[in-house]
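Encoded as structure tokens, the structure appears first; notes follow it.
Numbers restart at 1 for each chain; the letters A, B, ... are given by sequence-line order, proteins then strands. Computed from heavy atoms alone, side chains included, the values below leave out hydrogens, waters and symmetry copies.
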Amino acid sequence: MRIEALRLFNVRRFADSGVAIEDIGDGVNVLCAANEFGKSTSFEALHALFFQPYSGTPGEVQKLRPYSGGSPIVEADISTGAGRFRITKQYYAGRSARVVDLGSGRLVAQADEAESFIAALVRGGAAGPAGLLWVRQGITGLEKRGGAQEENEKQVRASLLESVQGEVEAVTGGRRMAEIVAATRSALAELVTATGRPKTGGRYAAALDARDQLVSAEAKLREDVQALRDALERRAAATKRLAELEKPDDRQERRKAVETAEARLAAAKAQSEMLKAAEAELTLARERRQIADRALKGFRDALAKDQELREKLRQAEEKRGAATGRRRDAASAIDTARAAADAAEAEAQASRALLDRLEKALRAREASERLVALNARLAEAEAARQSLEQAEAELARARIPAKAVDDLQTLETEIVRLRAIEEAARPTVSIAYEAARTGDVMMDGAALADGEERGYARQARLVAPGIGVITLRSNRPGAGDGRLKEAETARRALLESMGVPDLKAARARQSRAQELDGVAREARSRLSVLAPDGLQTLREEVAAVGAIDPDALEFKADPVEVRDACAAADERWKSARLALREVEPLQARANDDFVVAEKTLASLGGERAQIDAALGPEDERGERERELREALDALDTTVGKAEQLVDKLRAAALDLDSVEAALRRARSVEDAANRMMGELREEIAGLNAEIRARSDEAVEETWRETSETLGAATVRADAFAREVAVLQRLVGALEAARSNARDLYLKPVISELKPLLGLLFDDVSISFDDKTLLPDKILRNGQEEEVERLSGGMREQLSVLTRLAFARLLARDGRPAPVILDDALVYSDDDRIERMFDALHRLSRDQQIIVFSCRQRAFAKLGGNVLAARDWRP
Amino acid sequence: MFSFIHSSDLHLGKRFGAFSGDLPGRLREARRAVIGRLAAHARLSGAGVVLLAGDTFDTETPAPEIRRQVFAEMRDHAPIRWVILPGNHDSLQATQLWSSLATEAPPNVTLAVEPRPLELADNVVLLPAPCRVRRPGRDQTEWMDGAATPDGAIRIGLAHGPIQSFSEEATATDVIAPDRARRAGLSYLALGDWHGPLEVDPRTRYSGAPEPDRFKHDRPGEALLVRLTGAAAPAEATSFETASFAWRTLALHLIDGGQPAAALDALLPEPRLRRHTIARVVATGRCRLSGRAALSAAIEHVGPDFAYLELDESALATDCDVGDLDLIDRAGALREAADALLAESADERLSAVERDLARAALGRLFSMSQTTAP
């Protein structure tokens, strides 16, 4: 479709006036005028002509009306493949829509038909997008426009995604679609999960739960009701059966059957007893016959045995006689031998006694000689011992320690030495007498000879006759006095200890002791020779020899002779004993034979006595045998009779087992009936309880109620299921349509858009994702940028380009549509606008583009077909 | 002259589990209240006997309080005599029920549990045919033919079960002979089981349930007052209303272009009756998408007036023209989706279920598109 002319009258500012824009051609057409001119009015009038039905007065139509009122008229000439047409619409009073064929001047359609004609033009069929592609200043879609909304949308269109996809969807009507899909999905999401399962906590799930719970509750109750009905039926059946069983006739009949069977059993038992008695009798007769038979046979055997025994007895007596003779002979031989042996024994005893006596005498003699010797030695030993004791006693007294004598010797020497020293130091006095002296001076009682030098110790008293007493005092301490005194004291002690007066005596005692020691030693050695084991032992030896029998000493004989005689006697005794031993066995054998013969005889005698007892007196034996035979014959007859009786009874006997079985059966019938009655009564009691309990629970009412509730719940759940299905179906249909629209338009549009982008932006490249068809990258000067950061101008340009791409798509599809731009490039700079113009021109070769703009200077460069408006009145 | 009330199928104790809220309780109470209404009418018309022809109780095991309260009320209406016949719902098989009833029954209540003549009044004999089991499988009234009664006595039969195909529960194996009244020389045969009132012949009638319990019969609950002037005279039966709840099936036939809401309004009972009305609107015919939406909205609007109101629109066909689709969208993917659903809803190759789904989805799309700004 192409627009050739646009005329409007009584629209907005053109109250009761009009303008016409004629000669709109192919390619780029530009209506460039100042704002006051009413360029936007033209744009909106054109839009209304194509999209607002003549009959309605929605907001957009109202906006067309001037303030003064009146009926807006819009008219456009168009050309399509089918020809050239004039479309005219009048709104409000005298509303109309007309399509006139410009070629023929014929009215093609009017009113609704005209609307259909227009719709076919812009839609390109029911499924196609709008045939006209509109871009308004600053707005990138064909939305409802309120003043505030217009401002908002400038910001709302924030992303490139929307500026491309949104454009396409705007022309494919997809914005409401998104809302409806979202609403449907949220309605669906309240009921089911993403995978289509009932959503937990949702109304659908709750309805399903309620239904499921009711299903199980209903099943449970149905079971209960069924159980109750079963119980009722069982009770009815049981009651009926019990009544049958309790019927008196039947009971009587069962009783009678038992009694009959019992009587039969008693009869059978009596018969059986009789048979048993007869059988016992028969057994007894048979046993008696057997005994009689055995008795006869025994008697005959005994007779034979008797004969045999007689012969044996005779032989045994002969044997016994021979044995007795032999025993007698042997006894006499033994007596002879024993007498000889006794004599030899006596002789041997006598010679041995003689020999003993002789030996005893010899021993006594020897002992007496030894005793004499021992006594002599004992006397000598005792003498030796006495001298030893004497010597030792003396020695004990005389003995002095050798060292003590030596010490004494030393002390003596020391004392002499000290005296000498003392003597030498002592003051001396000597008097030289005058011749005429009266007497000698007495010194300490002793006369002091003339010239005699006498010493003194401390003081000396000189009695000088006639003169007086002269006392001499030395007045000095005796120097060696102490040591001398000590030595003397020691010597005195030593001498006292030894018990001698002086050294000489000590030495004499020492030699005496040595002498005594020698005596003692000699006595000791002598004693040890005489009595090496001690004197006591020697005394015991003497005592051991003891007293000696004087008689024994008297006997005298020749020992050799005696001994020979004794040996010969022993020899003789021995041979006599041997002779006796040879004879003795003879007697033993003879005894043995005798014993055997006696024993045989005794046993035979016993047997004989037994047989005799059995047989009885010999003269009665024939008679006895005949009696026995007769008794046997009689018993044979008895047995025969008893056998006959038994056979007869047996043949007539009743089968006790089957009679008993019959009784058992009759009784079991009766018992079973009785038991059954008891069981039935119990069952009825149990059922009564069950039924009463369930009846009071009104289980059936509850069941019916629950099953009705279940029905309602099922309906509700089904309704939800249907709701889900409907919503799912709707979502499916919407999604399918949307995806179709995308496939149909979005993809081709983007492929058309790409070369246009290249045309406009040599420094920017935009790449689109194949699957989502969303722009995913913007490369500006080799730098990647976020798609959200596109400038307003760029977005605007993209919007225009999208329309152009869409228009190209439609043109290729054989449905060319004009692109109408109303101040669409307000944000673009001049350089970009020129590029845009290039793009428009390039496209305009097969595309009508109508540009409305107030930017006269900038759009002067656009070139193309410049449109002019002139006044118009229809 | 002898007059009595003939009723049946009280179904006392029925719980109405399909409903929710307090409605089940109200319905149960309404059933019990029937006894009072029957008694009141009996007193009014001078009838001394009320014959209940079976299914007095809904189940074989009614809750003890139901039995007790019913008997208490019946006792209270003495000297009116009540005759209760076992039906199929409360057959004699429920031995527990009937033994309990026997011990609890007040003196003015007679349990007709034996097929034996029962004297109702001087020279008036009742021949009851109690249901021995739930499904007897044979005609229980046969014995009436040979039942001996005094000469000239009025013979009244009382039975429960289907005649021909008038079986409330569609079991036709145990059918009562339709001409039993003639064969057995009955002046009147009072029948129960069929919940709607029905005259089989001038002497044989179903009284119908006094308080309906389902939509099936679509008539108000009734009972019969029967007057007999003599054994040979014709029975004079007049019905009287007993129900407190109305069960209504409202047929709403729509034709294309009609106004569904207005048509519905014309059909509904006057508002003061709605509280005691259980209604089902069965929509048939054809209707446009918008009309359908309007109908649903109208039903939703008046629903609270009623005890219960439901809409069955399964038989309502939807018409859809370009104008309706234009209201969804003139073009684009939405329109495509609508077109696809419309085509599917008319595609004979698809199953009915799938077509129905597509139609419903289209309806939904329509209503959603109307609430979504264009």
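You'll find the side chain of Leu730(A) reaches within 4.5 Å of the side chain of Leu341(B), heavy atoms only. Using a 4.5 Å heavy-atom threshold, the side chains of Glu60(B) and Leu228(A) count as separate. Using a 4.5 Å heavy-atom threshold, the side chains of Glu701(A) and Arg28(B) count as touching. Looking only at side-chain heavy atoms (C-beta outward), Arg229(A) and Gln93(B) stay at 4.5 Å or farther from each other. Looking at Arg722(A) and Asp356(B), their side chains come closer than 4.5 Å, going by heavy atoms from C-beta outward.
Using a 4.5 Å cut-off between heavy atoms, Glu723(A) contacts chain B through its side chain alone, with no backbone atom that close. For Ile66(B), the part lying under 4.5 angstrom from a heavy atom of chain A is the side chain only. No part of Ala340(B) comes within reach of chain A, as not one of its non-hydrogen atoms sits under 4.5 angstrom from that chain. With a threshold of 4.5 angstrom between heavy atoms, Leu710(A) does not approach chain B through any atom at all.
Ion pair Glu344(B)/Arg729(A) flagged as a salt bridge, since at least one NZ, NE, NH1 or NH2 atom sits closer than 4.0 Å to an Asp/Glu carboxylate oxygen.
For Thr702(A), the side chain to side chain donor-acceptor pair (under 3.5 Å) test picks out Arg15(B), with sequence neighbours left out. Contacts of Arg26(B) classified as salt bridge (charged side-chain N to carboxylate O under 4.0 Å, His left out), with partners at least two apart in sequence or in another chain: none.
Within residues 233-242 of chain A, the residues approaching chain B closer than 4.5 Å by heavy atoms are, in numerical order, Glu233(A), Arg235(A).
A 6.0 Å sphere centred on CD of Glu300(B) holds no more than 12 heavy atoms belonging to other residues, nucleotides or ligands.
Contacts classified as side chain to side chain donor-acceptor pair (under 3.5 Å) and involving residues 706-717 of chain A (residues at least two apart or in different chains) are not found.
Side-chain atoms of Glu700(A) never come within 3.5 Å of backbone atoms of Thr59(B) as a donor-acceptor pair (strictly under, hydrogens ignored).
Taken from CG in Leu727(A) to CZ in Arg364(B), the straight-line distance is 5.0 Å, to the nearest 0.5 Å.
Scanning both residues, Ala733(A) and Ala337(B), for their nearest heavy atoms gives O-CB, 3.7 Å.
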